[in-house]
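First comes the structure, then the notes that go with it.
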Amino acid sequence: GGNESSEAGGNNNDNESNGGNNNAGNSETEELSGSVQIDGSGTVYPLLSRIAEEYMVNEQQGVSVEVSRAGTSAGMQRFINGETDLSNASRTIKEEELQGLEENGIETQEFKVALDGMTIVIHPDNDWATEMTEEEVTDLFISGKYADDDNVLWSDVRDDWPDEEVNFYGPNENHGTYEFFVEVLLDEQDLVDGINLQQDYSTLVELVSDDENSIGFFGFGYYINNDDKLGVVSVDFGDGPVAPSLDTIAEDGDYAPFTRPVFTNLSIDAAKEKPEVKDFAKYIFEVADDLAGETGFAPLPEEELNSYIEEIDEIE
Amino acid sequence: MAQSLLKKKKPVMAENKTEAKPTVYDTKKLNLWYGKTHALKDIDLEIQERSVTAIIGPSGCGKSTYIKTLNRMVEMNPEVRTTGEVQYRGRNIFDRNYYVEELRTRVGMVFQKPNPFPKSIFDNVAYGPKIHGIRDKKILKQIVEKSLRGAAIWDEVKDRLNENAYGLSGGQQQRLCIARCLAVEPDVILMDEPTSALDPKSTLKVEELVQDLKKNYSIIIVTHNMQQAARISDKTAFFLNGEVVEYEDTNLIFSNPNDKRTEDYITGRFG
Amino acid sequence: MAQSLLKKKKPVMAENKTEAKPTVYDTKKLNLWYGKTHALKDIDLEIQERSVTAIIGPSGCGKSTYIKTLNRMVEMNPEVRTTGEVQYRGRNIFDRNYYVEELRTRVGMVFQKPNPFPKSIFDNVAYGPKIHGIRDKKILKQIVEKSLRGAAIWDEVKDRLNENAYGLSGGQQQRLCIARCLAVEPDVILMDEPTSALDPKSTLKVEELVQDLKKNYSIIIVTHNMQQAARISDKTAFFLNGEVVEYEDTNLIFSNPNDKRTEDYITGRFG
Amino acid sequence: MQYMDLDAVQSRMTKRIFFNRLSKMLFLASAFFGLIVLAVLLYDVVSDSIGWLSIDFLTSLLSTNPDIAGIRGAILGTVWLMVIVGPVTMILGVCTAIYLEEYARPSKFTTFIQTNISNLAGVPSIVFGLLGLTVFVRLFGLGSIVLAGGLTMSLLVLPIVVVASQESIRAVPAHLREASFGMGATKWQTIKNVVLPVALPGIFTGMILAISRAIGETAPLVAIGIPALIIPAPSGIFDRFTALPMQIYYWTIDSVMVQEYAYLAAATIVVLLLILFTLNSIAILIRNKFDRRY
Amino acid sequence: MSYSANVKDMIETNRKNSKLAKFEKMIPFLLFLAASISVLTTLGILVTLLFETVLFFQNVSFREFFLQSEMRPLNPTNPQFSILPLLGATLLSTGIAMFVAVPVGLTTAVYLSEYATDKVRRILKPLVEVLAGIPTIVYGFFAFTFVTPFLREFIPALDRTNILSPGIVMGIMIIPIVASLSEDAMSSVPNSIREGAMALGATKFEVAFRVVIPAAISGIIASFVLGISRAIGETMIVTIASGSNKNLTFDVTQSMQTMTAYIVEVTSGDAGAGTTAYYSLYAVAMTLFVFTLAMNMFARYMTKRFREVY
Ligand SMILES: Nc1ncnc2c1ncn2[C@@H]1O[C@H](COP(=O)(O)OP(=O)(O)OP(=O)(O)O)[C@@H](O)[C@H]1O
Ligand SMILES: Nc1ncnc2c1ncn2[C@@H]1O[C@H](COP(=O)(O)OP(=O)(O)OP(=O)(O)O)[C@@H](O)[C@H]1O
Ligand SMILES: [Mg+2]
Ligand SMILES: [Mg+2]
């Protein structure tokens with residue numbers, strides 16, 4: 001373990017110093033203090049916590065940015081109650097949530113922060129299912145598509161694949177990832193029965209990496225940090241199989257159909273009242289493209305990020 | 001029976017007395033129950049100032065109960081009920097307006113087992129004055145010295161006032177407890193078998209001390225030891241089954257008891 | 001001194017006996033220490049079959065210690081050390097190959113305080129047979145009945161065999177404990193003041209029982225009660241300070257003790 | 001009639017005695033089982049922590065980068081938490097104990113309080129967490145700050161202090177009380193000057209047990225919502241915070257993203273256990289030192 | 001001495017000026033307030049749980065909660081709320097824990113009370129009790145990073161998160177509760193009873209198992225019940241090491257979610273306040289509370305009973 005860690009550490013350090021250089025230009029701004037409260041999606045958490053740390057270390061030592069990860073909905077609930085300044089989400093804000101915000105007189109703005117690729121993972125020794133078409137992937141997860149009792153065999157998908165039963169895995173309903181997968185990719189059709197849904201990603205990673213006949217879906221970040229234990233399915237969206245990577249899941253990349261943006265919602269009121277919130281919100285988009293990749297996300301195009309910064313700047 | 005006997009004797013007794021000292025305690029028809037146990041029955045006793053009054057009687061006759069009634073310590077048992085009156089210096093101690101704390105400040109008590117606080121010797125003696133609001137260090141020092149001298153233990157402890165009282169021997173502890181009593185300058189000192197846990201030498205010291213103290217204090221002492229009662233007391237009350245069988249000058253009671261039961265007890269026929 | 005006395009007497013004693021019964025226990029130069037306390041000193045005693053042997057002596061003289069040595073219960077105290085020999089039926093009980101469990105199966109014991117198990121009467125009696133592997137319900141029932149009859153308590157408990165033994169009176173409990181002993185058909189029964197916790201009526205019953213039992217068992221009984229020893233035993237050993245002062249036929253020892261100390265004890269001059 | 005067959009008894013005897021010896025060894029092994037597991041556990045965490053536990057680790061602030069991450073914030077969070085738990089449980093616990101032992105008359109209500117306290121001791125800590133979340137965090141609007149966490153923990157460990165204090169007050173000999181009353185001291189003076197000083201060692205032991213429990217409890221903190229990333233160390237009871245067990249929790253579940261977090265968790269566990277063992281040694285010392293009879 | 005005439009007077013004046021009397025009168029009241037905090041705590045727990053539980057049962061029927069078998073609180077299309085999978089997992093983990101703790105704890109108690117010398121007992125007992133003082137988060141970490149991988153060497157089918165390993169670790173945590181309380185109960189069986197059995201030729205084993213244990217049984221059962229109630233309420237070990245599958249199954253190699261772990265998941269999870277899923281956490285907590293309360297009362301009752309035996 002020791003070797004790996006020092007490697008990882010080395011990478012991090014490099015990136016950090018890059019980040020530091022990048023931001024050097026902004027450092028003439030005034031000293032701020034206070035705190036920024038962030039809650040929401042656990043998927044977005046790694047990215048936002050990196051940014052927060054970067055901000056606190058290199059930008060504004062006086063500000064405490066506190067990041068929680070109660071989950072998209074629970075975070076949104078706190079956001080509606082006015083307890084937080086920013087709320088991370090792995091999906092767009094819902095109608096009811098907007099209503100709640102309105103009732104409480106909280107004005108908000110939703111921003112994309114980065115892009116996440118829905119990664120289809122398999123056992124590393126699985127050498128047959130490394131390439132699948134988009135339809136095969138979605139059908140595999142839809143109840144009743146391949147087998148009425150949902151006891152799907154690999155050979156049901158393609159004849160030359162083994163006669164063994166496929167075991168399904170995924171994050172549970174607690175996660176925005178689940179919502180995106182079912183609502184967007186599966187078009188709200190039922191998931192196969194018997195799919196093993198987990199709250200905890202470490203469990204999921206282990207489950208998939210322990211089971212030769214596993215197939216699962218989760219965010220690219222969880223895959224890339226465990227790529228020694230997991231295999232990945234390259235998905236054919238019509239132009240040949242594409243493996244998810246930071247390049248392919250980028251905006252308009254080849255993996256785009258399975259790519260989703262992750263968001264953060266800014267309380268405009270908080271940004272108006274607390275300069276540190278506004279400053280940090282801007283900072284997010286200043287460094288997002290550098291830090292996204294490090295945490296397993298593809299960055300948004302620079303123009304888009306810059307336009308966000310301008311938007312926030314206009315808040316008075 | 002004993003009751004009626006006593007009533008007959010009381011006036012006689014008063015006549016017998018040559019030098020009538022003022023009364024400190026006047027007990028009138030005192031009855032006391034522990035729940036259903038009738039522990040004291042129609043007690044009538046007058047106790048005189050600056051003298052030693054001994055209370056004797058077999059185990060369970062109510063000696064401790066009576067003496068603890070005099071400073072109302074007996075009420076620490078919530079089951080206790082009393083009727084009758086105990087006048088201390090002319091005031092009924094059961095009076096609603098009479099705070100027990102006030103009574104107990106005037107009436108000190110020494111127990112069977114020496115019970116110093118687990119504090120320094122100094123703090124043990126200073127405890128009383130302190131809880132009564134005396135904070136001045138210099139005055140406290142004077143009080144402590146005077147009280148320890150009064151209890152005839154000053155010379156033994158003067159160099160170790162800050163040591164824990166539990167380092168003292170049993171006899172020293174008991175005298176320390178007496179000193180603790182003296183520190184608040186009480187009027188009466190109640191002693192419940194103060195020497196029964198002590199060796200003969202310490203007992204002698206405490207007995208001498210009691211003789212000495214009666215110059216300034218009224219002392220009521222419960223004892224199992226007839227010889228002790230005879231040696232140190234001026235008057236003796238003999239209790240039996242919660243009643244006062246006989247109350248008389250000590251020399252009279254031991255030389256010529258009026259009641260058969262007193263005689264039987266004194267001569268060791270029971271108890 | 002006592003030691004030498006005893007040695008002199010032993011041959012004499014043997015001559016005195018008319019009917020010499022076989023020996024169950026032969027104690028030879030037994031010494032026992034609790035840590036540093038020397039509790040038994042050079043004990044020599046021969047105990048005969050189918051008779052009652054009483055052991056008397058003042059408190060602390062080592063009676064219990066001796067009797068508990070005979071079934072090695074004394075070893076439950078890890079501080080105990082012994083020297084010398086105790087032969088039971090010709091075999092040294094301290095022998096490494098002699099399992100205490102085996103010894104104790106042959107040698108039953110009844111204690112001062114009745115100590116039934118907190119189980120039913122039936123289970124109390126059946127306990128011994130059960131641990132020795134007897135499972136057959138019918139046989140167990142027979143054993144229980146026979147033992148309870150043997151302990152003269154059958155009639156009193158036959159209708160409540162399944163009730164808890166703690167519902168019995170003290171005397172009944174003690175006889176139940178005897179029944180429990182009998183159930184494993186022992187050879188010897190040791191009794192350590194079996195009646196001292198009982199009222200006179202129960203005592204009488206147990207005494208009668210002992211008389212009855214000696215037809216089939218060898219009984220060794222420790223007692224504080226001289227009358228009891230005189231009433232029920234065939235031979236009596238007088239212990240003092242861990243030594244056997246005198247060991248003699250009971251009628252001899254009570255009518256005409258050889259040793260001054262025995263006489264003093266028997267006549268109540270000490271102890 | 002003879003029921004006991006001596007030969008049968010004899011032959012069973014060997015078996016029974018062998019069985020007894022065997023079970024004695026088994027039972028001894030079983031008594032050591034727990035200790036062996038304890039040793040394995042300690043070995044496991046200590047060996048995982050080697051290379052990660054250092055002065056820097058103790059004094060650095062939290063970071064998402066395992067190489068520079070430290071637990072200064074978590075340590076201070078735990079310390080501040082105890083700044084609340086200590087006095088609050090001490091005051092409430094001792095007062096409750098004094099009330100029950102010295103003032104309350106035996107009544108149905110007193111019995112009810114007593115039963116209630118021993119029942120509270122058995123309520124799962126996560127339920128206390130929900131109470132804290134609802135009452136302190138939401139109802140009082142404190143948010144998940146040290147104060148809210150501390151009060152929640154205080155309620156959780158209160159029964160420990162109450163029971164220990166009660167026992168130790170009960171153990172104060174009556175004759176000391178009598179001596180004080182005999183001097184004309186009031187009830188409160190007696191309690192303050194005589195009973196409490198004598199009962200103090202026992203109360204302290206109870207306090208240390210309570211604090212140890214509070215230091216290690218995680219579930220209530222999870223329930224009241226401690227931020228996963230909070231870098232500045234708290235500097236008061238109104239600050240948001242993280243605590244040692246929370247840090248262990250987050251690092252353990254996040255080790256899926258960054259494997260090194262598992263080592264950080266192990267290092268933090270070593271720190272936590274060291275604190276607990278120290279506290280318990282102090283408790284034992286106090287108990288031995290003051291185990292005096294009056 | 002100069003002051004001496006004054007001590008009496010000093011005391012007298014101090015008494016008259018003393019504000020103590022008034023203060024003294026307030027003390028019992030103040031102490032009573034402190035004592036009532038514990039009652040308020042219970043009340044607070046009840047009210048907290050009750051309110052939301054009632055709201056929950058307005059949306060979900062008792063039947064569904066207690067009799068059906070699916071737990072899918074956040075399922076967007078067809079949410080289901082049955083406590084049975086959680087209850088099953090709780091009972092299963094508790095069962096495993098007791099499967100470890102009862103034999104080990106009881107035999108440890110037997111060893112300590114029947115075989116060990118005084119000295120050994122005095123050293124061994126506190127050492128065993130150390131196990132009870134280790135924070136549960138540490139046990140969780142241990143179960144997750146050590147016990148599970150270790151068990152997987154022997155049981156390849158064991159999932160990375162499963163109910164077996166936390167169950168075992170919980171059992172280890174409970175050993176001291178069972179051992180210590182059982183030992184207390186067994187030591188209070190009078191020695192005379194032991195001697196009675198020994199004198200019949202019983203081995204120590206037979207004395208322990210046929211006399212002492214039956215005699216101390218209510219105390220021993222009380223220790224089991226307290227152990228069970230600890231296991232039921234244990235949170236962090238299962239949260240970390242048993243995962244979050246909400247399937248009703250008895251396959252201990254699988255991931256399962258206990259009631260406590262469910263509460264953790266929902267409080268730190270995705271259910272928005274005001275949704276049925278959010279209220280379900282209180283319904284589960286209420287069930288848990290009632291469960292452990294009943295257990296504790298039962299243990300108290302058993303302990304009381306065993307005190308009265310001899
Ligand atoms: N706390 C109590 N509750 C009930 N009865 C009590 C209590 N204290 C004493 N008694 C009863 O009151 C009677 C008198 O007891 P007391 O202690 O006054 O006797 P005593 O003369 O001091 O005996 P001793 O010489 O043994 O100290 C006895 O019958 C005793 O049983
Ligand atoms: N467990 C022990 N540890 C140390 N010394 C002991 C122990 N038991 C007994 N003794 C000592 O051994 C001596 C003999 O004791 P033992 O109990 O045999 O006397 P006893 O004759 O049965 O007295 P009693 O009539 O009082 O029952 C005594 O001096 C006693 O103090
Ligand atoms: Mg008395
Ligand atoms: Mg004896």
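Sequence lines set the chain letters: A, B, ... in the order given, protein chains first and strands last, and positions in each chain run from 1.
Neither the backbone nor the side chain of I215(D) comes within contact range of chain E, judged by heavy atoms closer than 4.5 Å. Only the side chain of T235(E) comes within contact range of chain D, judged by heavy atoms closer than 4.5 Å. Using a 4.5 Å cut-off between heavy atoms, L28(D) contacts chain E through both its backbone and its side chain. At a 4.5 Å heavy-atom cutoff, the contact between L133(D) and chain E is made by side-chain atoms alone. Residue contact with chain E, scored on non-hydrogen atoms closer than 4.5 Å, is absent for S212(D). Within the 4.5 angstrom heavy-atom criterion, atoms from both the backbone and the side chain of M297(E) approach chain D. At a 4.5 Å heavy-atom cutoff, the contact between R300(E) and chain D is made by side-chain atoms alone. At a 4.5 Å heavy-atom cutoff, the contact between T239(E) and chain D is made by side-chain atoms alone. Using a 4.5 Å cut-off between heavy atoms, Y282(E) touches chain D through its side chain atoms alone. Heavy atoms closer than 4.5 Å to chain D are found in both the backbone and the side chain of I45(E). Interface remark: L276(D) contributes side-chain atoms only to the contact with chain E (heavy atom separation under 4.5 Å). With a 4.5 angstrom heavy-atom cutoff, F150(E) does not touch chain D via any of its atoms. Contacts between V40(D) and chain E at a heavy-atom distance below 4.5 Å involve backbone atoms as well as side-chain atoms. In this structure, the portions of T203(E) lying under 4.5 Å from any heavy atom of chain D include both its backbone and its side chain. There is no contact between N280(D) and chain E, counting heavy-atom distances below 4.5 Å. Residue A121(D) does not touch chain E at all, counting heavy-atom pairs closer than 4.5 Å. With a 4.5 Å cut-off on non-hydrogen atoms, Y249(D) touches chain E through its backbone and its side chain both. Only the side chain of D44(D) comes within less than 4.5 Å of a heavy atom in chain E; its backbone stays farther off. Contact annotation for E206(E): only side-chain heavy atoms (C-beta onward) come within less than 4.5 Å of a heavy atom of chain D. Proximity to chain E (any heavy atom under 4.5 Å) is shown, for L100(D), by neither the backbone nor the side chain. Residue L273(D) touches chain E through its side chain alone, counting heavy-atom pairs closer than 4.5 Å. Both the backbone and the side chain of T115(D) come within contact range of chain E, with heavy atoms under 4.5 Å apart.
Taking all atoms of both residues into account, the shortest heavy-atom contact from T152(D) to G132(D) is OG1-CA, 3.4 Å. When all heavy atoms of A222(E) and M302(E) are compared, the closest pair comes out as CB-CB, 3.8 Å.
Among L288(E), I175(E), T260(E), V47(E), the residue with the largest count of heavy-atom pairs under 4.5 Å with chain D is L288(E). In terms of heavy-atom pairs under 4.5 angstrom with chain D, the leader among V100(E), V147(E), L131(E) is L131(E). Interface remark: of the candidates L112(E), L33(E), L127(E), L127(E) forms the most heavy-atom pairs closer than 4.5 Å to chain D. With chain E as the partner, the residue from P124(D), A219(D), A223(D), S255(D) showing the most heavy-atom pairs under 4.5 Å is P124(D). Ranking L130(D), T134(D), L41(D) against chain E, the residue ahead of the rest is L41(D), based on heavy-atom pairs under 4.5 Å. Taking chain E as the reference chain and counting heavy-atom pairs below 4.5 Å, the highest number among I253(D), V162(D), L131(D), L155(D) is found for L131(D). Between chain D and the options P28(E), A35(E), A299(E), heavy-atom pairs under 4.5 Å are most frequent for A35(E).
More than 12 heavy-atom neighbours from other residues, nucleotides or ligands sit within 6.0 angstrom of CZ on F277(D).
In this structure, R230(E) does not pair ionically with E234(E), as no charged nitrogen and carboxylate oxygen lie closer than 4.0 Å.
Ring-plane geometry between F27(D) and Y115(E) is classed as perpendicular, the angle between the planes exceeding 60 degrees on a 0 to 90 degree scale with a lower cut at 30. The aromatic rings of Y99(D) and F32(E) lie perpendicular to each other, with more than 60° between the two planes, well past the 30° mark. Ring geometry for F146(E) versus F142(E): interplanar angle under 30°, hence parallel rather than tilted (30 to 60°).
Y263(D) contributes atom OH, which lies 10.0 Å from atom OG1 of T145(E) (distance to the nearest 0.5 angstrom). Atom CG in L196(D) sits 9.0 Å away from atom OG in S165(D) (nearest 0.5 Å). Atom CD of E183(E) sits about 9.0 Å away from atom CD of E114(E), to the nearest 0.5 Å. Note that the CD1 atom of I177(E) and the OG atom of S223(E) stand 9.0 Å from one another [nearest 0.5 Å]. Put simply, CG on L226(E) and OG on S180(E) are 11.0 Å apart, with the number rounded to the nearest 0.5 Å. The structure places CH2 of W251(D) at 11.0 Å from CD1 of I269(D), a figure rounded to the nearest 0.5 Å.
If you check the side chains of T258(E) and T90(E), you find no donor sitting under 3.5 Å from an acceptor. In this structure, a donor-acceptor pair under 3.5 Å is absent between the side chains of Q257(E) and S244(E).
Figure legend: cation-pi geometry between K187(D) and Y103(D), with NZ or CZ positioned under 6.0 Å from the six-membered ring centre and within 45° of its axis.
Looking only at distances, a side-chain donor or acceptor of S107(D) sits under 3.5 Å from a matching main-chain atom of T110(D).
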